[in-house]
Amino acid sequence: MNYRNLFVAPFVVLLGLTSCKKNDENKVPIEIQPEVLNALFNNKYQGVLPCGDCSGIETIIALRADSTLSKLVFYKDKDSYPKNFDGTWKLKDSVFEVNFNGDKEFYKIKSDSLIARVGSDLKEVKGKLAEDYLLALKQPLKWDEVAGTYISGDTLSESYKKFELQEVKKNDFRLMYTSITASDTCTFKARGIIDKMADEIIFPMKTIEKDLEGDLKIYFTEDFAHFKLNDLVDIPAQQFCDSISINLNGNFKQQSKSEQ
C-alpha cells in the first residue's frame, strides 16, 4: 500500500522555552489537535508488521479515550489463530506508549488516518522498510462481499469444517455450520445481525438451541474469517447435535465462486 498521498493532519506546536542540559537536544513539546485524537479513539488501525518466520503479523489496534486499548494479532501462514491483547496507553508528545501486562510498545501518530510502530528509542524506521511498520485506518467491511462458503481444513480429508453465510436482508445473516469427522457430522444453523462498529456478525446462541446462552461471533482478518464465543477468541469445545463436541476454532478461507 502506498501511503504517500495520505492526508497528514497538522499538529499544534506549543512554543516555549525549554531547559538545556548537556548532551540533550532542545525539544519543543507537541500537542495533538483534539479532532485528531477523536478520530484515533473512534477507529481501528490495521497493518501487516514484519515477521521473522512468517509472511507478516496482521495487527489491528483499537485505542480508546479511557486510556485503554485492544490489539488483535494474527501470524499469517502459520498454524495458529488470532490472539487478543488488552492494555493501557499514555501519550507523550505524538507517541503512544502502550503496556500489555508489562510488555511495552510504541506507536507514533502520523495523522488521523495513520500511526507507525516505532522502537523504544521512539525513532521511526526509515527507507524502503518504513511502510512495513505503518498501521492505516481500517476500512469498513463490504458486507455484500462477505456472503459465501468458508472452509477450514482439507475437504479431501476425513475431517474438515465449513460454514455458509447468506445475507437474508440488509444487516441480517443466516449461518449454516458443518463439522465433518471420520465418525460424526454435525450441522447447526443460526441467525445473526451485523455489528458495524466491531466489524462482526453476532449470532445469539439461543438461535441455535433455545437453552444456550451468549453470542457466537464471526470476525474477519485480511484473508480469513474466525469465530469467537462472546469475547473469547480461543473457544472451548461446545456441545451441539445431540451432545457432539464441536471445536469452533479455525481459520476459515472464503471460497471463490468457482470453488463453491
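Taking the charged nitrogens against the carboxylate oxygens, D86 and K71 have no contact shorter than 4.0 Å, which rules out a salt bridge. Taking 4.0 Å as the cut-off between side-chain N and carboxylate O, K206 and D211 do not count as a salt-bridged pair. Using a cut-off of 4.0 Å between Lys/Arg side-chain N and Asp/Glu carboxylate O, K108 and E124 are scored as salt-bridged.
The closest side-chain heavy-atom distance from S70 to F85 is not below 4.5 Å. With contacts defined as side-chain heavy-atom distances shorter than 4.5 Å, the pair S152/Y160 does not qualify.
N38 and N42 are linked by a side-chain donor-acceptor pair at a separation below 3.5 angstrom, with hydrogens and angles left out of the test. Donor-acceptor pairing under 3.5 Å is recorded for the side chains of E105 and Y107. A donor-acceptor pair shorter than 3.5 Å can be found between the side chains of S111 and S113.
For residues 202-233, the set of pairs meeting the ring-ring contact (aromatic ring centres under 6.0 Å, His included) definition, not counting sequence neighbours, comprises F74-F224, F74-H226, F163-F227, Y177-F227, Y219-H226, F227-F252. Sorted by first and then second residue, the side chain to side chain donor-acceptor pair (under 3.5 Å) pairs with a member in residues 186-201 read K138-D199, D172-R191, T178-T187, E200-K228; sequence neighbours excluded.
Taking the ring centroids of W89 and F41, they lie under the 6.0 Å cut-off.
Grouped by direct or indirect side-chain proximity (heavy atoms under 4.5 Å, Ile/Leu/Val/Met/Phe/Trp/Tyr only), V168 sits alone.
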Worked verdict on D77 versus S55 for side chain to side chain donor-acceptor pair (under 3.5 Å) = CA-CA 6 Å; D77 302 326; S55 62; 2.4 Å; yes
